[in-house]
Amino acid sequence: MIDLRQLRETPDRFKNGAKAKNIHVDIDRILTLDEQRRALMTKIETLRAEQKKIEKDLGPQIGKLSGAIKKASGDEAAALQKELDAIKAKPAALKDQIAQAEPALAAIEPELNALLLQVPLPPDADVPVGKDSSSNVEIKRWSPSGYDLAKTFEQNKGFKPKTHQEIVRDLNLADFERGVKLAGTRSYVLTGWGMRMHLALLRYATDFMTDKNGFTPVSVPVLVREEAMIGTGFFPAGREQAYHIPESQRGNPDADPAKEGKSGYDLFLTGTGEVGLMGLHQGEILDESVLPLKYVTVSTCFRREAGAAGKDTAGLYRIHQFDKVEQVVICKADEAESRAWHKKMIGFVEDLLQGLEIPYRLLQCCTGDLGPKNADMVDIESFMPGRGEAGPDGRPLGDFGETHSASRLYDFQCRRLNMRYRKAVDGGKTETVVCHSLNNTVLASPRFLIPLLENHQNADGSVTIPKALRPYLGGAERITQ
RNA sequence: GGAGGGGUGGCUGAGCGGUUGAAAGCAGCAGACUUGAAAUCUGCCGUGGGGCUUGUCCUCACCAGGAGUUCGAAUCUCCUCCCCUCCGCCA
């Protein structure tokens with residue numbers, strides 16, 4: 001969520017931001033509603049202030065008179081009652097006026113709030129402007145020594161690479177037929193060394209963040225309340241991407257599972273551990289000294305992949321369920337600090353990929369590719385020799401594929417989550433400030449098995465296990481048939 | 001699934017119809033004492049919104065959320081949500 005006051009003061013910044021992100025939201029409507037709301041509030045507040053004052057003045061008199069009436073009888077009581085009614089008439093009249101103005105105010109708020117949730121965070125000025133991912137800008141490329149990304153895999157290694165689907169089939173690492181039988185399209189089963197490598201990668205990535213980089217490991221729920229989805233910024237825009245568990249429709253008489261948006265208090269499966277990690281401190285006012293909070297989790301992620309029909313349907317690339325090690329940083333509200341963490345969090349992943357000897361590149365995402373909640377985003381793509389356009393021999397030429405995404409969100413998420421900290425200001429005073437947040441993938445598997453298997457395959461069909469991973473695989477050096 | 005008990009400021013916890021935005025304690029901040037620290041003493045210390053005369057200013061809202069009773073609600077009524085305990089079932 002963005003700050004309504006900021007929107008009021010610099011509406012053009014938000015209009016331009018939404019435009020650059022290709023997100024439509026009626027900001028003029030928000031400004032109009034906001035103005036109406038404030039006018040009504042002023043009116044109601046003035047009336048209420050008056051009413052309060054009268055109450056204080058007349059309250060004791062009313063009490064006394066009421067008491068006297070109980071004791072009195074006949075004409076005397078009637079006279080007192082008349083007096084009491086006269087006194088009561090004044091505040092009662094104000095009450096009516098307030099009661100008339102209130103519904104107008106109440107009518108504005110739901111629309112205003114719904115619109116406000118849709119306003120995206122404007123991209124930072126240094127983010128390249130572009131319509132979609134085709135305008136992303138490559139900022140860095142890395143490959144292990146001896147591997148030249150300007151040449152083909154075959155030129156580098158002396159043999160044609162297999163695709164990961166072929167490797168997985170030949171080495172019995174996954175079973176797609178049975179996966180689909182069990183759970184439908186985009187489902188899979190990891191078997192034998194496939195499963196072992198999957199677990200080894202997750203464990204390696206978690207230890208890497210914990211032992212080497214000082215992150216706190218946490219487990220988080222993957223089944224969460226709607227507030228956590230809205231708070232982290234995945235809803236309302238990404239609602240169709242999430243699995244909805246119509247669990248119970250607890251207490252909501254209007255809830256109808258058939259109607260989207262009327263879920264009551266149901267739960268949702270998270271598409272990333274970010275939701276759980278960010279939701280941890282929802283609604284809290286943190287002590288400045290605990291910042292920055294550095295969390296890492298490994299969680300199962302669920303994605304409907306709605307609207308991706310026909311895209312990457314084969315293999316382990318685009319699937320409904322996978323496991324992901326995710327890093328999150330919650331820091332002070334300071335642009336320089338936020339930018340510094342972004343660089344660091346990307347650096348962690350570079351170290352990890354270099355340790356696993358996987359060629360990769362960094363892509364600065366353009367405005368159109370950012371999504372509502374990011375001010376800035378850098379994608380990390382790993383090289384996948386079995387991906388991409390087919391060459392003259394009908395075999396893929398190899399291409400980069402997204403394996404990581406590092407986001408910088410300023411206070412967008414924390415404002416929605418109402419996550420703040422006490423900041424010391426001059427004169428021994430404190431003020432409460434909304435935290436900043438960032439997140440980045442550490443490693444997502446099985447997708448990461450693709451670059452791992454394809455880059456480390458050998459001419460004889462075996463796959464060499466990178467040294468860093470061997471301790472997690474009982475010391476095994478290669479996987480053979 | 002059954003039966004109870006609860007939700008009050010950063011935390012603990014009083015209040016149960018009228019200067020209560022809320023006692024007290026803890027934590028925090030400032031000062032005194034001290035070579036320094038601890039202890040002690042004194043003072044300050046919730047969040048959010050609106051206004052303009054932008055001020056150690058005025059004002060409104062907030063005691064889980066919503067509706068109601070009342071001149072007046074943290075306090076009474078109803079609904080919902082959430083948490084806890086016990087029993088049952090269960091990995």
Side-chain angles (χ1 to χ4, degrees), chain A residues 1-9 30-31 33-69 80-99 101-110 112-113 116 221 223-228 230-231 247-255 262-267 279 281-291 411 414-435:
Chain A
M1 174 130 53
I2 50 88
D3 185 352
L4 180 56
R5 200 177 294 161
Q6 279 179 28
L7 182 87
R8 197 146 65 210
E9 281 161 10
I30 296 179
L31 294 171
L33 289 171
D34 175 50
E35 210 165 295
Q36 290 175 1
R37 183 176 140 269
R38 282 183 296 151
L40 281 166
M41 274 177 73
T42 310
K43 189 177 162 194
I44 291 171
E45 279 181 14
T46 313
L47 289 169
R48 253 208 265 273
E50 207 177 323
Q51 190 197 22
K52 260 188 141 172
K53 212 171 145 201
I54 292 172
E55 268 162 30
K56 262 182 195 166
D57 292 346
L58 301 185
Q61 283 186 55
I62 292 171
K64 249 187 226 167
L65 274 171
S66 304
I69 288 169
L80 287 170
Q81 184 65 49
K82 218 173 170 186
E83 197 181 332
L84 180 63
D85 290 345
I87 292 172
K88 278 189 180 178
K90 219 171 162 188
L94 277 171
K95 202 185 167 190
D96 283 349
Q97 284 185 49
I98 293 169
E102 271 178 336
L105 186 62
I108 287 172
E109 281 181 344
L112 183 60
N113 290 339
L116 216 46
L223 193 56
V224 301
R225 296 206 174 112
E226 191 172 11
E227 294 96 293
I230 293 170
E247 199 233 352
S248 67
Q249 298 146 46
R250 281 168 289 178
N252 184 347
D254 297 329
K262 282 208 164 192
S263 59
Y265 298 90
D266 294 342
L267 301 172
H281 298 286
Q282 190 171 4
E284 294 183 24
I285 300 178
L286 301 161
D287 198 292
E288 192 173 13
S289 64
V290 307
L291 300 176
D411 60 1
C414 294
R415 187 181 304 282
R416 288 177 168 234
L417 288 163
N418 196 21
M419 192 191 301
R420 293 162 296 167
Y421 69 97
R422 284 190 205 289
K423 183 184 173 184
V425 291
D426 293 341
K429 289 184 178 169
T430 59
E431 58 183 23
T432 48
V433 184
V434 179
C435 305

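Order of the sequence lines sets the chain letters (A, B, ...), proteins ahead of strands, with each chain counted from 1. Values reported hereafter were calculated over all heavy atoms of this structure, with side chains retained and with hydrogens, waters and symmetry mates removed.
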What is the distance, to the nearest angstrom, from the CD atom on A:Q51 to the C1' atom on B:rG72? 8 Å
Note: for A:A49 and A:R8 on RNA chain B, the residue whose nearest nucleotide lies more 5' is A:R8
May I ask which nucleotide in the shown strands pairs with B:rC76, Watson-Crick or G-U wobble, both distances under 3.5 Å? B:rG68
What's the shortest heavy-atom distance between A:C435 and A:C414, and which atoms? O-CB, 3.2 Å
Nearest-Å distance once atom P is located in both B:rC63 and B:rA23: 15 Å
In terms of side-chain geometry, is the basic nitrogen of A:D287 or A:R422 positioned less than 4.0 Å from the acidic oxygen of its partner? no
Regarding the side chain of A:R420, the nearest nucleotide among B:rG50, B:rG48, B:rU59 is B:rG48
Find which nucleotide of RNA chain B each of A:D287 and A:R48 is nearest to by heavy atoms, and output the residue with the more 5' nucleotide. A:D287
Does B:rC62 have a Watson-Crick or wobble mate here (both distances under 3.5 Å), and if so which one? B:rG46
Atom CD of A:E109 to atom P of B:rG48: distance rounded to whole Å? 17 Å
For B:rC81 versus B:rG66, give the span between their P atoms, rounded off to a whole number of Å. 15 Å
P atom, B:rU19 versus B:rC86: distance in rounded Å? 40 Å
Nearest-angstrom distance from the residue atom NZ of A:K52 to P of B:rC58: 14 Å
Check this for me, if you would: do A:E288 and A:R420 make a salt bridge, where the nitrogen-to-carboxylate-oxygen distance has to be below 4.0 angstrom? no
Polar side-chain contact A:E45-B:rG51 base: donor and acceptor under 3.5 Å: no
Gap in Å between the two P atoms, one belonging to B:rG43 and one to B:rU54, rounded: 33 Å
Provide the Watson-Crick or G-U wobble partner of B:rA32, both distances under 3.5 Å; none if there is no partner. B:rU40
Paired to B:rG10 by Watson-Crick or G-U wobble criteria (both distances under 3.5 Å) is B:rC26
With respect to the phosphate group of B:rG49, does any side-chain polar atom (N or O) of A:R38 fall under 4.0 Å of OP1 or OP2? no
Check every atom of B:rU59, B:rC83, B:rG48 against the side chain of A:R225 and return the nucleotide holding the closest atom. B:rC83
Could you measure between the two C1' atoms, the one in B:rG28 and the one in B:rC45, and give it in whole Å? 8 Å
Choose from B:rG72, B:rG10, B:rG50 the nucleotide whose nearest atom is closest to any side-chain atom of A:R422. B:rG10
Has A:R416 got a side-chain atom pairing as donor or acceptor with A:I230's backbone, closer than 3.5 angstrom? yes
Write down the distance between CD1 (A:I44) and C1' (B:rU59), rounded to a whole number of angstrom. 14 Å
So what's B:rC89 paired with, Watson-Crick or G-U wobble, going by both distances under 3.5 Å? none
Between A:G231 and A:L417, the two heavy atoms sitting closest are O-CG, 3.4 Å
Taking B:rA24 as the reference, what is the distance to B:rC62 when you measure between their C1' atoms (whole Å, please)? 23 Å
B:rA64 to B:rU8 separation - C1' atoms, rounded to the nearest Å: 10 Å
Here the distance between atom C1' of B:rG49 and atom CZ of A:R5, to the nearest Å, is 8 Å
When you get a sec, tell me which of B:rU47, B:rC83, B:rU59 is the closest nucleotide to the side chain of A:I285? B:rU47
I need the CE-C1' distance between A:M1 and B:rG49, as an integer number of Å. 14 Å
Take atom CD of A:E284 and atom C1' of B:rG46, then tell me their distance rounded to the nearest Å. 16 Å
Rounded distance in Å - CG (A:L267) to P (B:rC81): 13 Å
When you measure from the side chain of A:R37, which nucleotide among B:rG49, B:rU59, B:rG51 comes out closest? B:rG49
For A:T46, which contact category applies under a 4.0 Å heavy-atom criterion: base, sugar-phosphate, or nothing? nothing
Per A:M41 side chain, nearest of listed nucleotides B:rU47, B:rG49, B:rC60: B:rG49
SB check A:R37 A:E109 (cutoff 4.0 Å): yes
Would you say A:T42 places a side-chain N or O within less than 4.0 Å of OP1 or OP2 belonging to B:rC52? no
If you measure from the P atom in B:rA3 to the same atom in B:rU80, how many Å do you get, rounded? 14 Å
Tell me, yes or no, whether the heavy-atom count around A:Q6 atom CD, taken from other residues, nucleotides or ligands under 6.0 Å, exceeds 12. yes
